[in-house]
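Letters go in sequence order (proteins before strands), and every chain restarts at 1.
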There are 2 protein chains.
Amino acid sequence: MGWGNFTFGKMGEKVVISLADCFQGYHFLNPLSIDRLEQISEKLICKRNSVLIRQDKIQKDIYFLASGLARVYYETADRQITLDFVSPGGTLISMNSYVHDTPGYENIDLLEDSIVYKIDQKKLFMLYESDIAIANWGRKMAELEFIKAEQRTMSKLFNTAQERYAELLEKYPQYIQRIKLGYIASYLGVSQVTLSRIRANIL
Amino acid sequence: MGWGNFTFGKMGEKVVISLADCFQGYHFLNPLSIDRLEQISEKLICKRNSVLIRQDKIQKDIYFLASGLARVYYETADRQITLDFVSPGGTLISMNSYVHDTPGYENIDLLEDSIVYKIDQKKLFMLYESDIAIANWGRKMAELEFIKAEQRTMSKLFNTAQERYAELLEKYPQYIQRIKLGYIASYLGVSQVTLSRIRANIL
DNA sequence: TAAAATTTTTAACATTTGTTAAAATTATTC
DNA sequence: GAATAATTTTAACAAATGTTAAAAATTTTA
């Protein structure tokens, strides 16, 4: 997870990240290990609004987003809270499901037509036991995802919705145009009405 | 991190967890690897109110809490927010500092006289490269800490301060007695006045 | 144990944000 | 391009929480 990269380049063209680059985003990997990971991966072409992960289903596998845009959110009976938007190069994972083979917490939908690579968890776990470079790559993945999640938490705890919205506008103007305000509001942790007030500079 | 265990047993006696049990809390480890980890560990006896980790200092090493109680918090110029309380068997780590060798986000203080084990990060990283069991143990540590942090985030997003306080009371009555209300309030994400109102059942 | 210091509760008020619903705007479909 | 659907903004009001400050209770110290 982590919306750190690009969905659209400077000229508005779609960005596509290679699977190897998705891997290397976490840690250097030798060609042999990359090859082993690629062999347990499957390329998927997904339509806008596709569902990748549902909180009530076990979804052990990991996805890497090569192109497109995804939304990660939690849901209860009465509310839906957006945790993150993920851009190409990012990882889509329900950590609890991946680690414990049980239903996790997150729902992940694709907001745009996307290309994702799916890595088979069972086969990955076997590689962890035999290839120390991949074991350490998997360690790095967990560590860096932890830090990304921590940064999101920090930002939500210490910055106002206004500040966080301004940050979004500055860093990812392309997104704001294309994502529903309701999603952005729940990402910021305010109601859509409050977000409208922020946008109108009433606050 | 993760306040999952016990500080005081049923009769009020202090709980002490062995270093090996701290390790095994994450994942099974063979005796040889346990021994290797123990060899890069150092036992520390700490007084109440000791400072373990400061957000403006690089603190790469990992601590395991064998006995006592710790508080993890973030701090800005005007506010302090308690993230977690950690009981024996838990891990005290500034993940950003541990991973990136830079100052992290968290401050960690000991709220009681405590016993902690410190693991040298540099030596640990060397073990990661040579011992695949330890590499996978380190992976598990990061994965499980991620899940604990995620659960805290979830709880804060979806449960009211009342609900979370009631949970605390039920699960850890021993703590509530000994921790300042201001710390608990900032853990719950409300002002101390609101926590007093909750306690008075005004709400 | 009395005095001092710290912590917790209570009170009064202001402010922020949510809720509901309607109006305005924008996007989609035929 | 008009009609329909979806999204966003605005308005009015209610409710919850924060702030400040003082009182009460508890703990610590001498």
Side-chain angles (χ1 to χ4, degrees), chain A residues 8 12 47-49 69 71 73-82 85 109-113 155-166 168-169 172-203, chain B residues 8 12 47-50 69 71 73-82 85 109-113 155-169 172-203:
Chain A
F8 302 97
K47 281 270 152 215
R48 185 170 200 259
N49 294 325
L69 183 62
R71 169 176 168 253
Y73 60 100
Y74 295 152
E75 192 168 49
T76 56
D78 56 328
R79 269 181 309 159
Q80 215 182 56
I81 295 181
T82 299
F85 300 99
D109 293 357
L110 296 169
L111 299 180
E112 308 281 349
D113 292 347
S155 167
K156 205 159 188 180
L157 286 175
F158 284 108
N159 301 320
T160 63
Q162 288 103 291
E163 289 166 342
R164 300 180 70 222
Y165 182 69
L168 285 189
L169 270 186
Y172 313 101
Q174 334 81 302
Y175 287 119
I176 310 305
Q177 314 284 36
R178 303 178 61 85
I179 301 176
K180 286 193 211 180
L181 280 197
Y183 293 170
I184 295 174
S186 91
Y187 174 81
L188 297 175
V190 296
S191 70
Q192 185 172 326
V193 173
T194 298
L195 178 53
S196 268
R197 291 198 267 238
I198 289 170
R199 282 158 63 97
N201 268 315
I202 284 173
L203 296 180
Chain B
F8 300 97
K47 281 270 152 213
R48 187 168 199 259
N49 293 325
S50 300
L69 182 63
R71 170 175 168 251
Y73 60 100
Y74 296 152
E75 191 169 49
T76 56
D78 55 330
R79 269 182 310 159
Q80 215 183 57
I81 294 182
T82 299
F85 300 99
D109 293 357
L110 296 169
L111 299 181
E112 309 283 349
D113 292 348
S155 166
K156 206 159 185 178
L157 286 175
F158 283 109
N159 301 321
T160 63
Q162 287 103 291
E163 289 166 341
R164 298 180 71 223
Y165 183 69
E167 253 175 51
L168 284 189
L169 269 186
Y172 313 101
Q174 336 77 302
Y175 287 119
I176 310 304
Q177 315 284 35
R178 304 178 63 84
I179 301 175
K180 286 193 213 185
L181 281 196
Y183 293 169
I184 295 174
S186 91
Y187 173 80
L188 296 175
V190 295
S191 70
Q192 186 174 326
V193 173
T194 298
L195 178 53
S196 268
R197 291 198 266 237
I198 288 170
R199 283 159 60 97
N201 269 313
I202 285 173
L203 297 180

Task: Gap between atoms CZ and P, on B/R79 and D/dT17 respectively (whole Å) - done: 17 Å
Open item on the list: Under a plain distance cut-off of 3.5 Å, with no hydrogens placed, do B/Y187 and B/R71 share a side-chain donor-acceptor pair?
Closed with: no
Task: Pairwise distance OG1(B/T194) to CG(B/L188) - rounded to 0.5 angstrom - done: 10.5 Å
- [ ] With sequence neighbours left out, write down each residue that passes side chain to side chain contact (heavy atoms under 4.5 Å, CB included) with B/I81, or none if nothing qualifies.
- [x] A/L157, A/F158, B/R79, B/K156
Task: Phosphate OP1/OP2 of D/dT17: any B/T194 side-chain N/O under 4.0 Å - done: no
Task: Separation of D/dG18 C1' from B/I81 CD1 (nearest whole Å) - done: 14 Å
Task: Partners passing side chain to side chain contact (heavy atoms under 4.5 Å, CB included) against B/S186 (at least two apart in sequence or in another chain) - done: B/T82
Open item on the list: At 10 degrees resolution, what angle do the end axes of the helix from C/dT1-D/dA30 to C/dC30-D/dG1 form when each is taken over five base pairs?
Closed with: 50°
TODO: Please report, rounded to the nearest Å, how far the P atom of D/dT9 is from the CD1 atom of A/I184.
DONE: 10 Å
TODO: Mind calculating the distance between CG (A/L111) and P (D/dT7) to the nearest angstrom?
DONE: 13 Å
TODO: Please identify each residue that fulfils side chain to side chain donor-acceptor pair (under 3.5 Å) with B/S50, with sequence neighbours left out.
DONE: none
Open item on the list: So, using side chain to side chain contact (heavy atoms under 4.5 Å, CB included) as the criterion, who are the partners of A/E163 when residues are at least two apart?
Closed with: A/N159, A/T160
- [ ] Could you tell me whether a side-chain N or O of B/D113 sits under 3.5 Å from a main-chain N or O of B/K47, the two making a donor and an acceptor?
- [x] no
Are there any protein N/O atoms within less than 3.5 Å of an N/O atom in nucleotides 4-8 of chain C, and if so, which ones and at what distance?
residue, atom, partner, partner atom, Å
C/dT7, OP1, B/K180, NZ, 3.2
C/dT8, OP1, B/L181, N, 3.4
C/dT8, OP2, B/L181, N, 3.0

TODO: Would you mind reporting whether A/I179 and A/L69 have side-chain heavy atoms less than 4.5 Å apart?
DONE: yes
- [ ] Provide, to the nearest angstrom, the distance between the CZ atom belonging to B/R197 and the P atom belonging to D/dA16.
- [x] 11 Å
